[in-house]
*Asks:* 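The structure's right below; bear with me while I get my questions together.
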Amino acid sequence: METKQLKRLPVGIQTFSNIVEDDMLYIDKTEYIWNMIHLSKYIFLSRPRRFGKSLLLSTLQAYYEGRKDLFKGLFIETVEKEWTEHPVLRFDMSMGKHMEKDQLERYLGNRLAVYEERYGITQPATDNNDRFTALIQAAYEQTGKKVVILIDEYDAPLLDVVHEKETLPVLRNVMRNFYSPLKASDPYLEFVFLTGITKFSQLSIFSELNNLMNISMDEEYAAVCGISKEEMLTQAHDYIERLAQKNKWTYEETVSLLAQQYDGYHFTWPSPDIFNPFSLLNALARNRIENYWFASGTPTYLIEMLRKFNIVPSRIGCGSVQAKSFDAPTENMKNITPLLYQSGYITIKGYNPVSKNYKLDIPNNEIQAGLMESLLPNYVHEYADEGSSMVGDMYEALYNDDLDGMFRLLQAYLLTVPYCDNANSEGHYQQMLYVIFSLFGRYVDVEVHTPTGRVDIVMKTAKALYLFELKLNKSAETAMKQIDLKDYASKFSLCGLPIVKVGINFDPDRRTIGDWKINQTE
């Protein structure tokens with residue numbers, strides 16, 4: 001059978017002109033751009049990393065530079081008649097991370113210097129905010145056209161220090177001063193667009209930009225970044241077919257697997273299903289479903305904040321908040337929910353119009369597995385690499401219905417792990433098992449309520465439903481008796497799967513599993 005020649009997928013390509021000129025697949029977002037530029041002069045959009053924000057800015061830049069040739073066949077070509085060219089000042093703050101105050105000042109100054117040379121400014125002012133003001137005026141005066149300002153990842157220099165009480169205020173002040181000309185230069189500006197992950201408080205950076213319209217949760221812009229399910233099925237249909245053929249799946253199976261792995265994002269409610277574009281394009285280009293987004297880097301600030309707020313793995317997601325929580329000032333957070341949401345680790349899964357609460361949870365399998373892998377070192381310390389291999393071996397044993405083998409692997413592995421301060425608490429082992437079972441890619445929950453009590457851990461696979469009761473310094477028999485005495489299994493009798501009851505006892509002196517008992521019911 002002849003293979004259809006498909007356009008190259010723009011994996012990691014964030015420049016609109018490169019995608020068009022190299023004839024790569026482009027998911028047309030220009031209708032959103034047309035609507036945005038007629039909505040407000042000042043706009044802010046929050047989306048997770050690698051979600052298409054940079055490509056959106058690049059497309060805006062090409063539009064405002066009047067590059068009509070790049071938009072052939074796209075929506076905006078059908079409505080734009082003038083194609084007026086404006087001076088565009090675009091700043092990418094993503095490289096301004098991990099810097100001290102002086103380094104950050106120099107970094108911002110170097111970004112300004114590129115445009116100062118273009119507009120003939122030979123003797124710039126000393127302070128960056130004065131330089132920025134003079135640059136905007138020079139661009140306006142020399143071209144006779146109002147200036148467009150595009151700022152990508154405006155918050156990048158601050159994210160990695162958000163948990164540092166002394167460093168954050170210093171760097172925040174640097175960035176606040178840099179952005180201050182944007183409001184004062186209003187007469188010279190045509191359009192200002194900022195993207196980022198978080199929203200820093202109205203009392204800091206955004207006090208200088210309080211005229212920004214935040215469209216991050218507007219229903220009309222729910223799919224401005226990312227790839228909606230409709231866009232995937234219509235514009236990437238042939239790539240899905242190729243992935244299915246390569247892996248000997250049906251088309252329907254392939255769509256379902258892609259959805260389980262990369263779908264599930266909602267940035268408002270109601271909202272179309274949004275796929276992570278970085279992972280989806282990687283999967284379609286490589287014809288393999290893997291954890292591409294998480295493999296591209298786990299932000300250190302996220303792990304630090306999880307530790308700061310003492311978040312146990314099983315409590316990530318599984319909550320509800322009101323709309324104001326999404327805009328909670330990042331630097332004054334009372335809980336980690338806003339940061340987890342804005343960073344893409346939890347997302348909106350529903351909305352109750354009566355209570356006006358948004359239901360939140362982890363978006364998909366990729367994020368679930370990636371988060372748990374990042375948190376595994378909290379339980380196994382520097383032995384995390386060996387732990388990852390052990391998890392794979394445990395899953396293979398579970399897949400082959402060898403629960404005894406699975407627990408023997410874990411028992412032997414835990415004997416190699418150094419002493420942990422929390423190893424004498426049942427909760428420590430419960431969360432450790434939650435992390436490991438989550439890495440299996442299966443449904444897992446803790447403290448599941450029944451009419452007679454709470455099951456410590458419930459795990460569902462394609463073959464069975466497992467009920468785990470954990471004990472510390474007692475016996476597996478004691479754990480099994482509790483499962484039977486409280487008749488936990490009856491709550492799940494209609495699940496359509498065999499129920500496997502598992503009692504586990506942990507030995508706090510040896511810091512590993514002491515013994516276990518397994519009983520399967522049909």
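Note that the structure is a prediction, hence the values are computed from the model and not measured.
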*Asks:* Under the 3.5 angstrom rule, does the side chain of Asn247 hit a backbone N or O of Asn287 as a donor-acceptor pair?
*Replies:* yes
*Asks:* Rounded at 0.5 Å granularity, tell me how far CD in Gln430 sits from CD1 in Ile504.
*Replies:* 11.0 Å
*Asks:* More than 12 foreign heavy atoms under 6.0 Å from CD of Glu166: is that the case here?
*Replies:* no
*Asks:* Just to verify, what does Glu241 make a salt bridge (charged side-chain N to carboxylate O under 4.0 Å, His left out) with, not counting sequence neighbours?
*Replies:* none
*Asks:* Quick check on Lys349: does its NZ atom have over 12 non-hydrogen neighbours (other residues, nucleotides or ligands) under 6.0 Å away?
*Replies:* yes
*Asks:* Tell me, please, which residues at least two apart from Phe407 pass ring pair (Phe, Tyr, Trp, His ring centres under 6.0 Å).
*Replies:* Trp516
*Asks:* Between the side chain of Asp218 and the main-chain N/O of Glu220, is any donor-acceptor distance below 3.5 Å?
*Replies:* no
*Asks:* At what distance, to the nearest 0.5 angstrom, does CD of Gln482 lie from CG of Leu470?
*Replies:* 10.0 Å
*Asks:* Does the side chain of Phe468 come within less than 4.5 Å of Val455's, by heavy atoms?
*Replies:* no
*Asks:* Just by distance, do the side chain of Ser58 and the backbone of Ser54 share a donor-acceptor pair under 3.5 Å?
*Replies:* no
*Asks:* Short question: side chain of Asn505, backbone of Asn473 - any donor-acceptor pair under 3.5 Å?
*Replies:* yes
*Asks:* Mind checking ring pair (Phe, Tyr, Trp, His ring centres under 6.0 Å) for Tyr251 and listing every partner two or more places apart, or none if nothing turns up?
*Replies:* His237
*Asks:* Rounded at 0.5 Å granularity, tell me how far CG in Leu158 sits from CE in Met93.
*Replies:* 10.5 Å
*Asks:* About how many Å separate CZ of Arg106 and CG of Asn110, when rounded to the nearest 0.5 Å?
*Replies:* 8.5 Å
*Asks:* Side-chain donor-acceptor pair under 3.5 Å between Ser46 and Gln342, yes or no?
*Replies:* no
*Asks:* Tyr395: what forms a ring pair (Phe, Tyr, Trp, His ring centres under 6.0 Å) with it, not counting sequence neighbours?
*Replies:* Phe440
*Asks:* Check the pair Glu426, Lys474 against salt bridge (Lys or Arg N to Asp or Glu O under 4.0 Å), reporting the backbone distance first and the verdict last.
*Replies:* CA-CA 11 Å; Glu426 187 178 304; Lys474 292 183 180 178; over 6 Å; no
*Asks:* Testing the basics here: between Val502 and Leu403, what is the closest heavy-atom pair and its distance to 0.1 Å?
*Replies:* CG2-CD2, 3.9 Å
*Asks:* Can Ile289 and Trp249 be said to form a side chain to side chain contact (heavy atoms under 4.5 Å, CB included), step by step?
*Replies:* CA-CA 12 Å; Ile289 294 179; Trp249 301 326; 3.8 Å; yes
*Asks:* Side-chain contact test, heavy atoms from C-beta onward, threshold under 4.5 Å: evaluate it for Lys463 versus Leu398 and give yes or no.
*Replies:* no
*Asks:* Mind checking whether Tyr345 and Trp293 have parallel, tilted or perpendicular rings, split at 30° and 60°?
*Replies:* tilted
*Asks:* Within the side chain of Asn352, is there an N or O that forms a donor-acceptor pair under 3.5 Å with the backbone of Ser355?
*Replies:* yes
*Asks:* Any idea which heavy atoms bring Leu212 and Leu194 closest together, and the distance?
*Replies:* CD2-CD1, 4.1 Å
*Asks:* Looking at every non-hydrogen atom in both residues, tell me the closest pair between Thr478 and Ser475 and how far apart they are.
*Replies:* OG1-OG, 2.7 Å
*Asks:* Would you check if the side chain of Asn282 reaches a backbone N or O of Ala285 as a donor-acceptor pair within less than 3.5 Å?
*Replies:* no
*Asks:* Taking C-beta and beyond as the side chain, do Tyr221 and Leu45 meet within less than 4.5 Å on heavy atoms?
*Replies:* no
*Asks:* Less than 3.5 Å apart, which donor and acceptor atoms pair up between the side chains of residues 264-274 and the rest of the protein, not counting sequence neighbours?
*Replies:*
{"from": "Tyr265", "atom 1": "OH", "to": "Gly344", "atom 2": "O", "distance (Å)": "3.3"}
{"from": "His266", "atom 1": "ND1", "to": "Gly264", "atom 2": "O", "distance (Å)": "3.3"}
{"from": "His266", "atom 1": "ND1", "to": "Ile348", "atom 2": "O", "distance (Å)": "2.8"}
{"from": "His266", "atom 1": "NE2", "to": "Asp273", "atom 2": "OD1", "distance (Å)": "2.8"}
{"from": "Thr268", "atom 1": "OG1", "to": "Met217", "atom 2": "O", "distance (Å)": "2.9"}

*Asks:* Counting distance only, does the side-chain N/O of Gln520 pair as donor-acceptor with the main-chain N or O of Pro498 below 3.5 Å?
*Replies:* no
*Asks:* Are the side chain of Lys246 and the backbone of Arg288 linked by a donor-acceptor contact shorter than 3.5 Å?
*Replies:* no
*Asks:* If we only count heavy atoms from C-beta on, is the Leu56 to Phe193 side-chain gap below 4.5 Å?
*Replies:* yes
*Asks:* Within the side chain of Asn276, is there an N or O that forms a donor-acceptor pair under 3.5 Å with the backbone of Ser279?
*Replies:* yes
*Asks:* Verify side chain to side chain contact (heavy atoms under 4.5 Å, CB included) between Asp263 and Met232, making sure each step is shown before the conclusion.
*Replies:* CA-CA 11 Å; Asp263 190 12; Met232 183 188 78; over 6 Å; no
*Asks:* Is it true that the side chains of Tyr292 and Glu366 contain a donor and an acceptor less than 3.5 Å apart?
*Replies:* no
*Asks:* Within the 4.5 Å heavy-atom criterion, are Leu284 and Leu243 side-chain neighbours or not?
*Replies:* yes
*Asks:* Return the minimal non-hydrogen interatomic distance between Ile362 and Gln368, and the atom names on each side.
*Replies:* CD1-OE1, 2.9 Å
*Asks:* A quick test of your reading: do over 12 heavy atoms of other residues, nucleotides or ligands sit less than 6.0 Å from CD of Glu396?
*Replies:* no
*Asks:* Atom CG in Leu410, atom CD1 in Ile513: separation rounded to 0.5 Å?
*Replies:* 4.0 Å
*Asks:* Could you report the tightest heavy-atom contact between Lys53 and Pro48, atom names first, then the distance?
*Replies:* NZ-O, 2.7 Å
*Asks:* Looking at side-chain heavy atoms only, is the closest gap between Met480 and Ile518 below 4.5 Å?
*Replies:* no
*Asks:* For Phe437 together with Tyr466, are the ring centres under 6.0 Å from each other?
*Replies:* no
*Asks:* Where is the tightest heavy-atom contact between Thr337 and Ile346, given as atom of each residue plus distance?
*Replies:* O-CD1, 3.9 Å
*Asks:* Checking Asp487 against Thr450 for the side chain to side chain contact (heavy atoms under 4.5 Å, CB included) test, could you report, in this order, the C-alpha distance in whole Å, the side-chain angles of both residues, the deciding distance, and whether it holds?
*Replies:* CA-CA 9 Å; Asp487 195 20; Thr450 75; over 6 Å; no
*Asks:* With a 4.5 Å limit on heavy-atom distance, are the side chains of Tyr341 and Val321 in contact?
*Replies:* no
*Asks:* Counting only heavy atoms not in Tyr443, do more than 12 sit closer than 6.0 Å to its OH atom?
*Replies:* yes
*Asks:* Has Arg111 got its NZ or CZ under 6.0 Å from the middle of the six-membered ring of Phe91, at an angle within 45 degrees of the ring axis?
*Replies:* no
*Asks:* Flag the pair Asp393 / Tyr413 as yes when at least one side-chain heavy-atom distance between them is below 4.5 Å, and no otherwise.
*Replies:* no
*Asks:* I'd like to know if the side chain of Asp92 reaches the main chain of Ser94, judged simply by a donor and an acceptor atom lying under 3.5 Å from each other, with no hydrogens or angles considered.
*Replies:* yes
*Asks:* Determine, stepwise, if the pair Asn173 / Lys101 fulfils side chain to side chain contact (heavy atoms under 4.5 Å, CB included).
*Replies:* CA-CA 10 Å; Asn173 193 50; Lys101 177 180 181 293; over 6 Å; no
*Asks:* Is there a donor-acceptor contact under 3.5 Å linking the side chains of Ser256 and Gln260?
*Replies:* yes
*Asks:* Can you name the residues that form a side chain to side chain contact (heavy atoms under 4.5 Å, CB included) with Ala412, not counting sequence neighbours?
*Replies:* none
*Asks:* Would Lys97 pass as a cation-pi partner of Tyr107, given that its NZ or CZ must be under 6.0 Å from the six-membered ring centre and within 45 degrees of the axis?
*Replies:* no
*Asks:* Give, for atom CG of Asp456 and atom CD of Glu469, the distance between the pair rounded to the nearest 0.5 Å.
*Replies:* 4.0 Å
*Asks:* Should we say atom CD of Glu100 is surrounded by more than 12 heavy atoms from elsewhere, each under 6.0 Å from it?
*Replies:* no
